[in-house]
Amino acid sequence: MSEPQTIVYTDGASKGNPGPGGWGAVVVTLDGQVTELGGGAPMTTNNKMELTGAIQAFARLQGTAGPVAVYTDSTYVIQGIREWVHNWKRRGWKTATGTEVMNRELWEQLSALTTARGVRTISWHYVRGHVGTPGNERVDEIADSFARRTPVVLYEGPLSAYPIAILDLPDDTSVPARSKRPSGASHSKAPAYSYLSVVDGKPMRHATWAECEQRVKGRSGARFKKATSAAEQDAILRGWRFRPEDV
């Protein structure tokens with residue numbers, strides 16, 4: 001990064017759509033502090049929780065200065081705040097077909113917070129879900145825990161003591177071109193060929209995400225990623241400076 005900036009990861013989840021839901025956010029501020037946020041609702045939707053995660057992160061940042069980079073696996077949130085919201089406002093919060101904009105109240109909250117901060121100071125980044133990006137995996141865990149009503153300890157403290165490699169940012173954060181209109185449907189995820197992890201400098205291949213998660217969870221500096229083919233698995237290992245035969 002050429003300029004210091006606050007890093008934010010957000011996510012939302014619902015068990016059923018609608019159903020019990022949760023949201024999560026991790027905020028890393030310029031003073032080297034990490035704050036995890038999370039919450040839930042008894043009956044909600046995935047899109048509402050995705051929006052709520054972003055709203056709560058920006059609410060937490062009120063009164064702070066500097067640029068903000070937001071990482072989320074929701075194309076709905078990114079395209080909505082960067083593109084659709086301007087047309088919705090111009091049409092009196094109507095869609096192109098004349099219907100009411102879904103989740104209007106939440107969109108108004110997020111728009112107000114980002115406008116107050118200055119939209120030019122905010123960059124939105126799409127991160128692919130469940131491919132091993134530490135920040136995304138953590139907010140997913142927080143959101144899922146609140147949706148399931150299971151205990152989760154939220155961290156607040158110095159970055160130096162945070163057990164997750166939150167600054168291990170993805171290289172490609174472009175929004176997939178196939179998502180053109182707001183939709184309540186979740187995007188499909190490619191099946192895993194394998195999961196890869198590195199702990200204490202040692203790579204390992206796993207057949208399931210559960211095995212991979214068990215190895216990396218709570219391990220400082222751990223890296224992990226999903227491969228969807230043998231070729232991608234080899235490419236990931238080479239990118240981590242290992243040979244395919246090392247696993």
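Being a predicted model, the structure only gives us computed values, none of them experimental. In this chain, residues are counted from 1 in sequence order.
In this structure, T97 OG1 and R91 CZ are separated by 8.5 Å, a value rounded to the nearest 0.5 Å. Between the CZ atom in R117 and the OG1 atom in T6 there is a gap of 6.0 Å [rounded to 0.5 Å]. I122 contributes atom CD1, which lies 11.5 Å from atom CD of Q5 (distance to the nearest 0.5 angstrom). K226 NZ to L196 CG: the interatomic distance, rounded to the nearest 0.5 Å, is 12.0 Å. Atom CG of residue L154 and atom OG of residue S145 lie 9.0 Å apart, to the nearest 0.5 angstrom. To the nearest 0.5 angstrom, L37 atom CG is 13.0 Å from I55 atom CD1.
There is a path of hydrophobic side-chain contacts, each under 4.5 Å, that joins V175 to V8. Note on L167 and V139: same hydrophobic cluster, where clusters join Ile, Leu, Val, Met, Phe, Trp and Tyr whose side-chain heavy atoms are under 4.5 Å apart, directly or indirectly. By the rule that hydrophobic residues join a cluster once side-chain heavy atoms approach within less than 4.5 Å of another member, V247 and Y195 end up as members of separate clusters. M102 is not connected to L106 by any chain of hydrophobic side-chain contacts under 4.5 Å among Ile, Leu, Val, Met, Phe, Trp and Tyr, and they are in different clusters. Cluster annotation: M204 and I236 are assigned to distinct hydrophobic clusters (Ile/Leu/Val/Met/Phe/Trp/Tyr, side-chain heavy-atom contacts under 4.5 Å, transitive).
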Decide side-chain contact (heavy atoms from CB on, under 4.5 Å) for D11 and E50; before the verdict, give the C-alpha distance in whole Å, the side-chain angles of both, and the deciding distance to 0.1 Å.
CA-CA 5 Å; D11 198 15; E50 295 278 10; 3.3 Å; yes
Apply side-chain contact (heavy atoms from CB on, under 4.5 Å) to the pair V77 and L51, showing each step before the final yes or no.
CA-CA 6 Å; V77 170; L51 283 166; 4.1 Å; yes
Kindly indicate, with the supporting measurements, whether the criterion side chain to side chain donor-acceptor pair (under 3.5 Å) is fulfilled by D31 and T29.
CA-CA 5 Å; D31 58 357; T29 48; 2.5 Å; yes
Check the pair R104 / E108 against salt bridge (charged side-chain N to carboxylate O under 4.0 Å, His left out), numbers first and verdict last.
CA-CA 6 Å; R104 172 180 173 177; E108 287 183 310; 3.3 Å; yes
Criterion side-chain contact (heavy atoms from CB on, under 4.5 Å) on H86 and W88, from CA distance to verdict:
CA-CA 5 Å; H86 308 297; W88 290 338; over 6 Å; no
Given the rule in the ring pair (Phe, Tyr, Trp, His ring centres under 6.0 Å) test, do Y76 and W107 qualify, once you have shown the distances and angles that lead to the verdict?
CA-CA 11 Å; Y76 175 72; W107 282 116; 5.2 Å; yes
After noting the C-alpha distance and the side-chain angles of R128 and D172, does the key distance pass the side-chain contact (heavy atoms from CB on, under 4.5 Å) rule?
CA-CA 9 Å; R128 286 145 186 81; D172 180 11; 3.7 Å; yes
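The shortest distance between side-chain heavy atoms of W240 and K225 falls below 4.5 Å. Between V198 and P203, the closest side-chain pair of non-hydrogen atoms falls below 4.5 Å. Side chains of Y126 and T75 form a contact here, defined as non-hydrogen atoms less than 4.5 Å apart. Residues L237 and R205 have side chains not in contact (no heavy-atom distance under 4.5 Å, counting atoms from C-beta outward). Proximity of R138 to Y9: side-chain heavy atoms (C-beta onward) are nowhere separated by under 4.5 Å. The shortest side-chain heavy-atom distance between D234 and F242 does not fall under the 4.5 Å cut-off. Residues V70 and F58 have side chains in contact (heavy-atom distance under 4.5 Å, counting atoms from C-beta outward). Between Y193 and E232 there is no side-chain heavy-atom pair separated by less than 4.5 Å.
Minimum heavy-atom separation, S197 to H206: OG-NE2, 2.7 Å. Here the shortest heavy-atom pairing between T44 and P20 reads CG2-C, 4.4 Å. I142 and G38 make their closest contact through CG2-CA, 3.9 Å (heavy atoms, listed as atom of the first residue, atom of the second, distance). For the pair M49 and G22, the tightest heavy-atom approach, listed with the atom from each and the gap, is CB-O, 3.3 Å. Closest approach of G24 to A143, counting heavy atoms only: N-CB, 3.8 Å. When all heavy atoms are compared, the tightest approach of A59 to L113 is N-CD1, 4.1 Å.
A donor-acceptor pair under 3.5 Å links the side-chain atoms of D246 to the main chain of R243, judged by distance alone. T208 places a side-chain N or O within donor-acceptor distance of the main-chain N or O of E211, the cut-off being under 3.5 Å. Between the side chain of T133 and the main chain of N136, no donor-acceptor pair closer than 3.5 Å is present. A donor-acceptor contact shorter than 3.5 Å links the side chain of R149 to the backbone of F146. Using a distance-only test at 3.5 Å, with no hydrogens or angles considered, a donor-acceptor pair links the side chain of T114 to the main chain of L110. Of the possible polar contacts, none joining the S14 side chain to the P18 backbone as a donor-acceptor pair under 3.5 Å is found.
Between H125 and Y71, the ring planes lie parallel to each other; the angle is under 30°, not in the 30° to 60° tilted range.
For the residue pair Y162 / E36, a side-chain donor-acceptor distance below 3.5 Å is found, with atom types taken as modelled.
In E245, the CD atom is crowded: over 12 heavy atoms of neighbouring residues, nucleotides or ligands sit closer than 6.0 Å. Other residues, nucleotides and ligands place no more than 12 heavy atoms under 6.0 Å from the NZ atom of K202.
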